[in-house]
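Only this structure's heavy atoms are used, side chains among them; waters, hydrogens and symmetry mates stay out. All residue numbers in this chain count up from 1 along the given sequence.
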Amino acid sequence: MSSVPLFARNLEPYHDRLSAAVERVVRDGRYILGPEVEAFEEEFARYVGVRHCIGVANGTDALTIALSALGVGPGDEVVMPSFTFYATAEAALVLGARPVFCDIDPDTFCVTRETVEAALTSGTKAIVPVHLFGNLAPVRDLRELGVPVVEDAAQAAGASSDGVKAGALGTAATFSFFPSKNLPCLGDGGAITTDDDELAERVRILRFHGSKDKSTFTDVGWNSRLDALQAAALRVLLPELDGWTDRRLEAAAAYERLGLGEHVKLPQAAAGVRHGYHLYVVRAERELPIGRGYYRTPVHRQPAIAADVELPATEEAARTNFALPMGPDLTEDQVRQVVECVSGST
Ligand SMILES: Cc1ncc(COP(=O)(O)O)c(C=O)c1O
């Protein structure tokens with residue numbers, strides 16, 4: 001059973017093309033930003049369906065910089081889920097802002113309009129819905145609340161809602177290209193997407209030490225750039241993303257067809273959503289012999305935060321979720337093995 005990997009994706013078929021891309025950059029000699037990064041930014045913006053993509057060093061910086069570009073600073077409140085990776089909250093905290101945690105829908109693992117609305121105050125400067133596990137939060141509904149919405153799309157590259165890609169739904173969106181993500185690079189990488197010209201300009205300034213022209217410094221920013229080697233790798237892999245997502249959806253369909261739903265609660269795509277299945281996360285009231293629980297200690301209860309807030313659906317999801325093997329290279333036979341393993345434990 002241990003032979004079925006949790007992240008079932010094999011990059012070996014791309015090794016030659018990745019190596020050729022790396023060699024191209026090595027010989028070119030421009031390693032920070034430059035034409036390779038510009039080309040990826042253009043290609044990813046076109047893929048997502050927005051006017052701007054700005055490459056940064058990782059998905060955490062992408063969130064911090066996007067929030068800062070929206071004017072989030074000390075004392076401001078940012079509404080977000082607690083059932084997420086710690087970085088979502090960290091991005092607000094390093095700006096001196098206060099994460100205000102809202103609950104989720106345990107069936108989608110994402111925030112809802114109602115849970116966000118309950119957490120809004122006059123001090124709310126931004127909302128950060130997380131597209132958790134590749135499912136999409138209801139961003140269109142959230143935008144009606146009149147506060148800027150930053151999609152945390154770290155886990156959702158390739159997912160879409162009624163045909164609109166994750167990354168094109170919010171005021172801005174942030175991505176991580178960490179190697180396990182649906183669109184991976186060969187180390188750390190991230191990006192911000194937006195249709196807002198002014199916001200894009202602010203982000204470009206902030207990722208480069210608060211400077212537009214590299215000699216006059218108008219803001220206190222970050223040194224957070226996507227490097228050319230990562231951009232070159234991403235340009236090789238981006239054309240594969242839609243095919244990979246199709247195969248993730250086929251694996252999810254196989255889990256259903258082979259009867260996994262008789263033993264555990266299956267993940268549910270939100271209405272109208274083409275799920276990205278970054279992870280295939282079921283719920284069970286018992287320990288499963290395979291897979292791994294995510295975010296067992298949700299962010300609001302982490303020692304660095306310890307927020308005094310009651311989030312019953314978050315607690316339930318944290319206690320009962322199990323990620324089972326998923327990925328574009330998961331075979332039907334492996335799915336069958338997982339289902340047998342889970343059913344044998346009932
Ligand atoms: C939901 C979420 N947000 C933010 C991040 C941060 O991305 P990175 O690891 O590239 O900084 C991650 C990555 O693990 C994530 O899963």
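Linking Ile, Leu, Val, Met, Phe, Trp and Tyr residues whenever their side-chain heavy atoms come within less than 4.5 Å leaves L324 and L279 in two separate clusters.
In this model, no donor atom of one side chain and acceptor atom of the other lie less than 3.5 Å apart for D195 and H52. Checked by atom type, the side-chain pair T88/D152 shows a donor-acceptor distance below 3.5 Å. Remark: the T297 side chain and the Q302 side chain contain no N/O donor-acceptor pair separated by less than 3.5 Å. For the residue pair T115 and D103, no side-chain donor N or O sits within less than 3.5 Å of a side-chain acceptor on the partner.
A salt bridge links E43 with R235: the closest approach of a Lys/Arg side-chain nitrogen to an acidic carboxylate oxygen falls below 4.0 angstrom. Using a cutoff of 4.0 Å between basic side-chain nitrogens and carboxylate oxygens, R140 and E144 are not scored as salt-bridged. A salt bridge between R283 and D107 is present, with a side-chain N of the basic residue lying under 4.0 Å from a carboxylate O of the acidic one. A salt bridge between R204 and E41 is present, with a side-chain N of the basic residue lying under 4.0 Å from a carboxylate O of the acidic one. With respect to the salt-bridge test (charged N to carboxylate O, under 4.0 angstrom), the residues D219 and R202 qualify. A salt bridge between D197 and R51 is present, with a side-chain N of the basic residue lying under 4.0 Å from a carboxylate O of the acidic one. Between D308 and R301 there is no salt bridge, since no side-chain N of the basic residue sits under 4.0 Å from a carboxylate O of the acidic one. The existence of a salt bridge linking E23 and R27 is confirmed by a sub-4.0 Å separation between a basic side-chain nitrogen and an acidic carboxylate oxygen.
Nearest heavy-atom pair, C185 versus G189, reported as atom, atom and distance to 0.1 Å: SG-N, 3.8 Å. Closest of all the heavy-atom pairs between H131 and A166 is CD2-CB, 4.1 Å. Between P298 and E315, the shortest heavy-atom distance links the atoms CG-OE1, 4.1 Å. Minimum interatomic distance between K125 and V72 (heavy atoms only, all atoms of both residues): CG-CG2, 3.7 Å. Across all non-hydrogen atoms, the minimal contact from L199 to T171 is CD2-O, 4.0 Å. Residues S82 and H300 share a closest heavy-atom pair of OG-ND1, 2.7 Å.
Geometrically, K165 engages Y47 in a cation-pi contact defined by less than 6.0 Å to the ring centre and at most 45° from the axis. Relative to the ring axis of W222, R207 does not place its NZ or CZ within 45° and under 6.0 Å from the centre. A cation-pi arrangement, defined by a distance under 6.0 Å to the six-membered ring centre and an angle within 45 degrees of its axis, is absent between R46 and F44. Y294 does not carry R319 over the face of its six-membered ring by the limits of under 6.0 Å from the centre and within 45° of the normal.
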Using the side chain to side chain contact (heavy atoms under 4.5 Å, CB included) rule, take I104 and C110 through it: C-alpha gap first, then chi angles, then the decisive distance, then the call.
-> CA-CA 5 Å; I104 54 167; C110 293; 5.8 Å; no
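In this structure, Y295 and F85 have tilted ring planes: the angle between them lies in the 30° to 60° band. By the 30° and 60° cut-offs, the orientation of the rings of F109 relative to F133 is perpendicular.
Under the 6.0 Å cut-off for aromatic ring centres, F7 and W244 do not qualify, their centroids lying 6.0 Å or more apart.
A donor-acceptor contact shorter than 3.5 Å is absent between the side chain of E42 and the backbone of A39.
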